[in-house]
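Notes follow the structure.
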Amino acid sequence: MTMSPVTWFLALAGLGCALVGNIRDGGERTTVATAREAERRRLLRDVDSAATRWRTQLAAAQESAESARLHADRLRELLSP
């Protein structure tokens with residue numbers, strides 16, 4: 001059984017449309033994946049930045065607590081008979 005030229009043309013046109021559609025969908029998926037990756041990186045930077053701030057605040061609080069302990073010890077020494 002042979003195919004007519006019109007059938008061949010329609011088959012090739014359909015194949016071409018399918019390929020173009022797949023390429024376009026792949027590009028959209030790539031764009032979405034790129035956007036997700038950029039968002040993930042931004043969130044990781046935000047978390048890292050917050051962790052750095054928290055470590056800095058913790059160090060300052062520990063230093064303040066140590067200073068308060070030293071002052072309390074000194075006052076005890078001064079007030080002891």
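At a threshold of 4.0 Å, the pair Asp46-Arg42 counts as salt-bridged, since one of the basic side-chain nitrogens sits closer than that to a carboxylate oxygen.
Here CZ of Arg40 is found 10.5 Å from CZ of Arg45. Values are rounded to the nearest 0.5 Å. Here Arg74 contributes atom CZ and Leu70 contributes atom CG; the two are 10.5 Å apart, rounded to the nearest 0.5 Å. To the nearest 0.5 Å, atom CG of residue Leu44 and atom CD of residue Glu39 are 10.0 Å apart. Rounding to the nearest 0.5 angstrom, the gap separating the CG atom in Asp73 from the CZ atom in Arg76 is 5.0 Å.
Val47 forms part of no hydrophobic cluster, judged by ILVMFWY side-chain heavy-atom separations under 4.5 Å.
With sequence neighbours left out, the side chain to side chain contact (heavy atoms under 4.5 Å, CB included) criterion links Ser4 to Val6, Thr7. The side chain to side chain contact (heavy atoms under 4.5 Å, CB included) test applied to Glu63 returns no partner, not counting sequence neighbours.
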